[in-house]
Amino acid sequence: MELHYTKRPFLLFLSFTLLLVASTRADPDSLQDLCVADLGATSVVVNGFPCKPASNVTSDDFFFAGLSMEGNTSNIFASNVTAANVLSFPGLNTLGVSMNRVDVAPGGLNPPHSHPRATELIILLKGRLLVGFISTSNQFFSKVLNPGEMFVVPKGLIHFQYNVGDKKAFAITTFDSQLPGVVIASTTLFGSTPAIPDDVLAKAFQVDQKVVTAIKSKFGN
């Protein structure tokens, strides 16, 4: 009998914890119809931005045309990401959704990166893209997408998009967060400010420090 009663508090705690985890999502539920972000506010923010006064809200706050324009792929990766998140589209504030437009030239790469606050759903509209992600058990999952096909990347995992076709590729990516964040592996490691010590990176990648120095130079370090 003593064992039975000893277990009960633990089981209640476990049930409560599982319920809490099951109800968690990338962004919290809204408590009002709308909350257009006041990006110029200086108030302390816990999650999301302060609301623009309702009297100042217009239809334009819920409109964004940025994804209609092709991105400039003239860069070292031959790719471009146009973000429609709360920073460029304030009407998304507290709604828990955002999108990107991804343009990739032939042979171009949207380099390995992760989104710490969101799951990503990719739909290819034009061209051919190799998409893939790596799990925490170091397993690689990938697929070559054709127009109309989709691929999902679990929250926080490193992934990429690589153009394996002979024409420009165009994809739309959606997120369950108004501001999913992005951590680009190469830029983060070799282009951080201040810079990560060369000997740390040399040991991590098992290369000579001269190699690290050469790579850093490509990222402005």
Side-chain angles (χ1 to χ4, degrees), residues 16-75 77 79-104 110-126 133 150-161 170-185 187-188 191-194 220:
F16 174 77
T17 302
L18 291 174
L19 179 63
L20 183 64
V21 171
S23 64
T24 301
R25 41 177 306 209
D27 287 342
D29 287 329
S30 299
L31 299 178
Q32 61 279 315
D33 286 345
L34 55 93
C35 177
V36 174
D38 185 351
L39 300 178
T42 58
S43 305
V44 176
V45 178
V46 176
N47 194 4
F49 291 87
C51 301
K52 184 178 180 180
S55 58
N56 295 340
V57 174
T58 69
S59 296
D60 285 340
D61 289 313
F62 305 100
F63 174 79
F64 182 74
L67 301 190
S68 65
M69 297 174 285
E70 183 176 320
N72 183 2
T73 58
S74 300
N75 53 64
F77 294 120
S79 68
N80 188 89
V81 175
T82 304
N85 56 43
V86 69
L87 298 180
S88 58
F89 190 4
L92 296 180
N93 195 41
T94 75
L95 299 184
V97 292
S98 60
M99 303 177 76
N100 285 348
R101 172 178 177 141
V102 183
D103 291 286
V104 190
N110 187 11
H113 62 281
S114 64
H115 303 289
R117 297 186 288 274
T119 293
E120 176 177 344
L121 185 62
I122 305 162
I123 180 168
L124 184 65
L125 299 180
K126 180 181 178 182
F133 69 86
M150 306 174 76
F151 194 77
V152 66
V153 178
K155 178 180 177 179
L157 298 184
I158 291 179
H159 58 285
F160 66 87
Q161 294 102 33
F170 161 39
I172 293 292
T173 59
T174 62
F175 306 93
D176 59 339
S177 171
Q178 66 184 30
L179 192 60
V182 61
V183 180
I184 301 174
T187 305
T188 299
S192 66
T193 303

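None of the values given here were measured: they were computed from a predicted structure.
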Take R101 and I172 through the test side chain to side chain contact (heavy atoms under 4.5 Å, CB included) and record every step on the way to the result.
CA-CA 5 Å; R101 172 178 177 141; I172 293 292; 4.2 Å; yes

Has the side chain of [X] got a donor or acceptor atom that lies under 3.5 Å from a matching backbone atom of [Y]?
X    : Y    : result
T188 : V183 : no
H159 : H113 : yes
N93  : C35  : yes

Distance in Å, [X] [atom1] paired with [Y] [atom2], rounded so as to fall on 0.5 Å steps:
X    : Y    : atom1 : atom2 : answer
T58  : K52  : OG1   : NZ    : 5.5 Å
T174 : I123 : OG1   : CD1   : 9.0 Å
D176 : T119 : CG    : OG1   : 4.5 Å
N100 : H115 : CG    : NE2   : 6.5 Å
S98  : L87  : OG    : CG    : 10.0 Å
T73  : N110 : OG1   : CG    : 12.0 Å

Would you name the heavy atoms of [X] and [Y] that are closest together and state the gap between them?
X    : Y    : answer
S192 : P194 : OG-O, 3.0 Å
S88  : A84  : OG-CA, 3.5 Å
S79  : N75  : O-ND2, 2.7 Å
I122 : A171 : CG2-CB, 4.2 Å

Take S74 and N72 through the test side chain to side chain donor-acceptor pair (under 3.5 Å) and record every step on the way to the result.
CA-CA 6 Å; S74 300; N72 183 2; 3.1 Å; yes

Intermediate values then yes/no, side chain to side chain contact (heavy atoms under 4.5 Å, CB included), F151 and L124
CA-CA 9 Å; F151 194 77; L124 184 65; over 6 Å; no

Ring-plane angle category for F89 and F64, please: parallel below 30°, perpendicular beyond 60°, tilted otherwise.
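Ring orientation of F89 relative to F64: parallel.
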
Less than 4.5 Å apart, any side-chain heavy atom of F77 and any of V104?
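In short, these two side chains do not touch, never coming nearer than 4.5 Å.
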
Taking the side chain as C-beta and beyond, is there a heavy-atom pair between V102 and Q161 under 4.5 Å?
yes

Criterion side chain to side chain contact (heavy atoms under 4.5 Å, CB included) on D103 and F170, from CA distance to verdict:
CA-CA 5 Å; D103 291 286; F170 161 39; 4.1 Å; yes

Stepwise, does the side chain to side chain contact (heavy atoms under 4.5 Å, CB included) test hold for R117 with L179?
CA-CA 7 Å; R117 297 186 288 274; L179 192 60; 3.8 Å; yes

Quick check on side-chain contact (heavy atoms from CB on, under 4.5 Å): which of V36, V86, D38 does F49 satisfy it with?
V86

